[in-house]
Amino acid sequence: MLKTGFARLDITPALGAHLAGYFNIRVADDILDPLYVTAVAFDDGEKRAVILSVDNIGIKQDIALG
């Protein structure tokens with residue numbers, strides 16, 4: 001039997017967080033759109049797979065590899 005699961009979590013940083021991708025240091029002073037991490041998981045009883053979609057610029061390698 002194939003089992004699936006879905007989840008979504010708001011990961012919007014707090015106001016005042018440093019914004020990546022700019023030459024000059026900038027901080028968030030407003031939220032235009034929330035940022036999310038969305039996951040779907042599959043399990044057939046023998047193997048598992050998880051797919052993540054993350055609204056961000058990048059993930060450090062040590063975090064991505066766990």
Practice task
Could you tell me which residues satisfy salt bridge (Lys or Arg N to Asp or Glu O under 4.0 Å) with Asp44, sequence neighbours excluded, listed by chain and number?
Solution key: none
Output a table of donor-acceptor pairs, distance under 3.5 Å, between side-chain atoms of residues 35-43 and any protein atom two or more places apart or on a different chain; print 'none' if there are none.
{"from": "Asp43", "atom 1": "OD1", "to": "Gly45", "atom 2": "N", "distance (Å)": "2.6"}
{"from": "Asp43", "atom 1": "OD2", "to": "Arg48", "atom 2": "NE", "distance (Å)": "3.1"}

Problem - Single-linkage hydrophobic cluster, 4.5 Å side-chain cutoff, Leu9 and Val54 together - result: yes
Show me the side-chain donor-acceptor pairs of residues 24-34 shorter than 3.5 Å, one per line, residues at least two apart or across chains.
none

Exercise for the section: Please list, chain by chain and in numerical order, all residues satisfying side chain to side chain donor-acceptor pair (under 3.5 Å) with Asp10, sequence neighbours excluded. Expected result: Thr12
